[in-house]
**Q** 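Please read through the structure below; I'll follow up with questions.
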Amino acid sequence: MLLSFDLHGHLGQFQFDAKCDLQMAGITGLFGPSGVGKTTLLRAIAGLNRTLEGRIELDGRVLQDSDRGIFLPPEQRRIGMVFQDSRLFPHLTVRGNLELAKRQARDKVIPLQKVIDGCGIRDLMDKPAPSLSAGQRQRVAIARALMAAPKILLLDEPLAALDFASRQHLMGFLNDSATPFPMVYISHSVSETLSLCDPLILMGPGCIDAVGPTDEVGQRLPKRRGHAEVTHYDPATRQLTLTLAEHAPELEAGQVVGLVSEPRWLRSGSTE
Ligand SMILES: Nc1ncnc2c1ncn2[C@@H]1O[C@H](COP(=O)(O)OP(=O)(O)OP(=O)(O)O)[C@@H](O)[C@H]1O
């Protein structure tokens, strides 16, 4: 399924000019520093941003062509979108939200039970939407977007509110679900992007910097340097325990995170 866009315009002082032809399959990562226009691009593709001029075409269908005065509204684009702070229909339960989405689906529906298990929302089904925590709401928002069976799904930091275990579980499920619904996935986490996404789009300020297979483009992602304190040293096994001094969700338990320089206290066999 081909997604093409050629969009340009201003958002206040911010200048945007991005062009790309993307063969959508699986999960495409959209990566770049804060403020370069990732959300702006996804909102434009979904039809939620009328400020940018230009052309968007998905699977042979023109969604926007400013020269010809074409701008399909979001509900006619069949594009799903999950934001970091997605809202659910507040007057409905979780089940009600999912059933409503299912009614919009035309084909390729994933069985409800599979979505419930994949998103880990079995215990939430009869809860009113406003009673959910941020992480629960996020899981339901992903489930709802999948139930609507969009042509493509745009995910803007969808796992940001989730704990490590839920994130791992959902990443596995999204990976499995990406066959019928190709996805574009924004994340600030380097490890999440590298493990989940292929190909990758790298954005610079208001523009596309690179597009290509994760093997190649992934080399350009920033290498993170973690600051950690030594909280334990066992002289018998010479094993160090480090505690990260900052939140670094992309670093996983058991991962080698760095090198201790000048470990004077190591030589003396003491942690003083
Ligand atoms: N409605 C608006 N009016 C003026 N400027 C805007 C508007 N929306 C976005 N911008 C500006 O456009 C730029 C891109 O914003 P955008 O949210 O798309 O970036 P981003 O790459 O998604 O950032 P982040 O990773 O922090 O979410 C920013 O400089 C932002 O201030």
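Values below: all heavy atoms of this structure, side chains included; hydrogens, waters and symmetry mates excluded. As the structure is a computational prediction, the values presented were derived from the model and not from experiment. Numbering of ligands and ligand atoms starts at 1, following listing order.
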**Q** Which residue holds the protein heavy atom closest to atom 14 (C) of ligand 1, what is that atom called, and what is the gap in Å?
**A** G35 O, 3.4 Å
**Q** Cation over ring, R77 on F71, under 6.0 Å and within 45°?
**A** yes
**Q** To which protein heavy atom is atom 27 (O) of ligand 1 closest, and what is the distance rounded to 0.1 Å?
**A** T39 OG1, 3.9 Å
**Q** Could you tell me whether H188 approaches ligand 1 through its side chain, its backbone, both or neither, with non-hydrogen atoms closer than 4.0 Å?
**A**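 H188 to ligand 1: side-chain contact only, backbone stays beyond 4.0 Å.
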**Q** Run the side-chain contact (heavy atoms from CB on, under 4.5 Å) test on I56 and L3 for me, step by step, so that the C-alpha distance in whole Å, both residues' side-chain angles and the decisive distance to 0.1 Å come before the verdict.
**A** CA-CA 8 Å; I56 306 172; L3 170 68; 4.3 Å; yes
**Q** How many angstroms lie between CD1 in I208 and CZ in F5, if you round to the nearest 0.5 Å?
**A** 4.0 Å
**Q** Got the closest protein heavy atom to atom 19 (O) of ligand 1, with its distance?
**A** G37 N, 3.2 Å
**Q** What's the shortest distance from atom 25 (O) of ligand 1 to any protein heavy atom, and which residue and atom give it?
**A**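 Result for atom 25 (O) of ligand 1: K38 NZ, 2.8 Å.
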**Q** Would L159 end up clustered with F181 when hydrophobic side chains under 4.5 Å apart are linked, directly or stepwise?
**A** yes
**Q** Side-chain contact test, heavy atoms from C-beta onward, threshold under 4.5 Å: evaluate it for Q136 versus V94 and give yes or no.
**A**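 A side-chain contact is absent here, since even the closest heavy-atom pair is not under 4.5 Å.
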**Q** If only atom types and distance count, is the side chain of N97 paired as donor or acceptor with the main-chain N or O of F89 below 3.5 Å?
**A** yes
**Q** Considering D156, T40, L11, L30, which one's heavy-atom position lies nearest to atom 18 (O) of ligand 1?
**A** T40
**Q** For atom 12 (O) of ligand 1, find the nearest protein heavy atom and state the residue, atom name and distance (0.1 Å precision).
**A**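 Of every protein heavy atom, F14 CD2, 3.3 Å lies nearest to atom 12 (O) of ligand 1.
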**Q** What protein heavy atom sits nearest atom 26 (O) of ligand 1, and how far off is it?
**A** S34 OG, 2.5 Å
**Q** Got a donor-acceptor contact below 3.5 angstrom from the R55 side chain to the D6 backbone?
**A**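 A pair under 3.5 Å: no.
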**Q** Is G32 in contact with ligand 1, taking contact as a heavy-atom separation below 4.0 Å?
**A** no
**Q** Does atom 6 (C) of ligand 1 have a protein non-hydrogen atom under 4.0 Å from it?
**A**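 Given the 4.0 Å cut-off, atom 6 (C) of ligand 1 counts as touching protein heavy atoms.
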